[in-house]
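Residue numbers begin at 1 in each chain, while the letters A, B, ... track the order of the sequences. This structure is a prediction, so every number in the text was calculated from the model and none was measured.
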2 protein chains.
Amino acid sequence: MPRDTLTREQIVHAAVELLDAEGLEGLSMRTLGRRLNSAATAVYWHVKNKDNLVLLAADHVWGELALPDPDSADWRTTAATMATDLYGMFARHPWLVQAFTAHVLYGEGKSRHDDHTLAVYEAAGFTSGQADQAAAAVFTYVLGNAAGAAATASLTRNLTAGGTTAQEQLQGAMAQAQEIAMRYPRLRTRLETPAATDYAASPDHAFEYGLQALLDGLERQLSTPDPAPPAASI
Amino acid sequence: MPRDTLTREQIVHAAVELLDAEGLEGLSMRTLGRRLNSAATAVYWHVKNKDNLVLLAADHVWGELALPDPDSADWRTTAATMATDLYGMFARHPWLVQAFTAHVLYGEGKSRHDDHTLAVYEAAGFTSGQADQAAAAVFTYVLGNAAGAAATASLTRNLTAGGTTAQEQLQGAMAQAQEIAMRYPRLRTRLETPAATDYAASPDHAFEYGLQALLDGLERQLSTPDPAPPAASI
DNA sequence: GTTCCGACTTGCACAGTGTTCAAGTGGCTG
DNA sequence: CAGCCACTTGAACACTGTGCAAGTCGGAAC
C-alpha cells in the first residue's frame, strides 16, 4: 500500500465541490489545497494548470448526463429531455457556463454526449448536416438560458455570502434598475403588473417555451431539403 | 477651465478599448491607469469597483445597437435584424458574454434595447406575455451563440498573444481532442469529411439556421393562444 | 492677493492570486 | 542497506484589486 497520496480524481472531485459551493472565483489553488489537506502546490504535480483543472472538472460533470435510447420515444421528446437535462446540469453547476465562455471545452464526457446527441437527431431523420445544425442550435439555446440563470445564481450567492452590506448594495442596485426601467413604457408596465407575468416569467417556463418553439421550427426543416450553399463570390 | 482631469466617460471608453483588445482578464486597474496616464487608484474616485466599471462598459456598448422601426417591415425581418445586430455586438466584444454570465447587467443602454425589442414583438401581434417569452428566447439563443463564439475568440487571442509555446500547446490540445473524437462514430465521420460540413459549420450559418428555426416556431405561437397556467398544487 | 476648501490625484501598503523551483520525504526495488 | 523515483513542501516572484493618509491644484470667498 503506497502512502496516501493525491490522485487526479480526488483533486477533480474536490474542485467540483468547491466550484459548486463558491463559484469560479471562489476556487483558488490554496483553498483547494486546504480542502485536500496538502500544500497548494502539490496539485501542480497532477494537473498542469488551473485552467486545465477547470477543464477537467467541467468534463467530469458532463458524465452526469444520461443518454436516452434514440429509439425509445419520438425524437422530439428525447431531444427535449436531453435539452432539459443539459439545462439542469448547467443549473447545478453555474460555473460551467463561465468556464464555457472562457475556454474551449473538449474531453471524454462532452464528446460522448455530443456523439449521442447527433445520434438522436440522425435517428429522427435529419441528414448529418442538418443534425449538426439542429444539435448546435439546441445546445446553444440551452447555453444561453443557462448563462442567464448563472448570472442570477452568482448574484444570490454573493448575497448569502456577504453580510448585510451586500444585501443593501443589492437593494440599491435593484432600486436603480427599477428607476431606469420606469422610464421605458413596456418595461414599466411589466414592473407595475408583476402578478400577470409571474408564472410566465419563471425561468423554467421561459426555457420550455423557447425550447418547444425551437423544436417546432426544427421539425419543419425535417421535410424541407437543405438550401443550396450560395455561390462563392469572387 | 479646470485642470485636465479624468472623467467617467474617458475611463469607460478606455476600459472598452482595453477589454476589446485584451479580454476580460486583460483588464487590470494598473494597465487601465497606464493607458489613462494616471495612477491606477485614481479611477476609484470616479468608479466604485472593477465590477462596476465592467458593468458600465457593458452598458455603454449596448448603445451601439440600432433600433429599427417596428413598422418598417414584417416583424420577422426586423426581429432577425435585431438578433443579428445583437450577435454582431457580442462578436465585437467577446468579453461581454463573460460579463453577462458573471454579473446581472442592467442599465440605460440595455433597458432601452429591451424595451424596443418588446415593442417589435408586440407590434407583431404577440400578447405582452408572449412577447416577453419570445424576446427572452431569441435573446437567449443569441447569447448562447455568442458564448460559443467567445470561447473560440479567447482561444485565438491567446494564440496571437502568446509565443510559439502557446501555439504548440494548442496543437497538442487539438490533437488530443481529435484523438478522443475519433473514438465516437458520428464525431469521427465529421472529422473525416470536413469538406461537406465546411460551409454549414461556419458559425454565422449555424446562427442563421437556428435563428430561422426559432422564429418559425415563434410564428406558430402567434396563432395559438397561451396555454393556461397549471393549477397550483397544494 | 491671500486663504482656504473641496475636487481630484498619488504612493504606499495589504492581503490575496497563479505558478516556478530547489529542496525535502518516504515507500518500493535492487 | 542503498538508491531511485513518485510525490510533497515552503519559499519566492510577479501580479491582482482595493483602502487610506497624504498630497496637489483650480477656483471661490474675503
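Atom C1' of nucleotide C:dT17 and atom CG of A:L18 are separated by 15 Å, given to the nearest angstrom. Between B:L24 atom CG and D:dG17 atom P the separation is 10 Å, expressed in whole Å. If you measure from atom CG of A:L6 to atom P of D:dC7, you get 10 Å, rounded to the nearest angstrom. What separates CG of B:L36 from C1' of C:dC8 is a distance of 14 Å, to the nearest Å. In this structure, B:E25 places its CD atom 12 Å from P of C:dG18, rounding to the nearest Å. The distance from atom NZ of A:K50 to atom P of C:dG18 is 4 Å, rounded to the nearest whole Å. Rounded to whole Å, the distance from CG on A:N52 to P on C:dG18 is 15 Å. As a whole-Å value, the separation of A:E22 CD from C:dG16 P is 14 Å.
The side chain of A:T31 has C:dT17 as its nearest neighbour among C:dT17, D:dG17, D:dC7. Nearest nucleotide to the B:M29 side chain, out of D:dG17, D:dT8, C:dT20: D:dG17. Residue A:S28 has its side chain nearest to C:dT17 when only D:dT18, C:dT17, D:dC7 are considered.
A salt bridge links A:R190 with B:E122; the closest basic N to acidic carboxylate O contact falls under 4.0 Å.
Scored by the salt bridge (charged side-chain N to carboxylate O under 4.0 Å, His left out) test, B:D115 finds A:R186 as partners (sequence neighbours excluded). With sequence neighbours excluded, the residues satisfying side chain to side chain contact (heavy atoms under 4.5 Å, CB included) with B:A177 are A:Y106.
Using a 4.0 Å heavy-atom criterion, one finds that B:L32 contacts no nucleic acid atom at all. Contact annotation for B:L27: backbone-only contact, meaning every heavy-atom pair under 4.0 Å involves sugar-phosphate atoms and none involves a base.
The salt bridge (charged side-chain N to carboxylate O under 4.0 Å, His left out) contacts involving residues 96-113 of chain A comprise A:E108-B:R183, A:K110-A:D114, where partners must be two or more places apart or lie in separate chains. Residue pairs satisfying the side chain to side chain donor-acceptor pair (under 3.5 Å) criterion with at least one member in residues 26-36 of chain B, sequence neighbours excluded, are listed as follows: B:E17-B:R35, B:S28-B:T31. The salt bridge (charged side-chain N to carboxylate O under 4.0 Å, His left out) pairs that include a residue from residues 53-67 of chain B are B:E64-B:R92, where partners are two or more places apart or lie in different chains.
Judged purely by atom type and a 3.5 angstrom limit, B:H116 uses its side chain to pair as donor or acceptor with the backbone of B:P68.
Of the side-chain N and O atoms in B:H46, none sit less than 4.0 angstrom from OP1 or OP2 of C:dA7. Residue B:N49 places no side-chain N or O under 4.0 Å from the OP1 or OP2 atom of D:dG17.
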Produce the list of close N/O pairs, under 3.5 Å, pairing protein atoms with atoms of nucleotides 10-13 of chain C; give distances to one decimal.
| from | atom 1 | to | atom 2 | distance (Å) |
| --- | --- | --- | --- | --- |
| C:dT10 | OP2 | B:A39 | N | 2.8 |
| C:dG11 | O6 | B:T41 | OG1 | 3.2 |

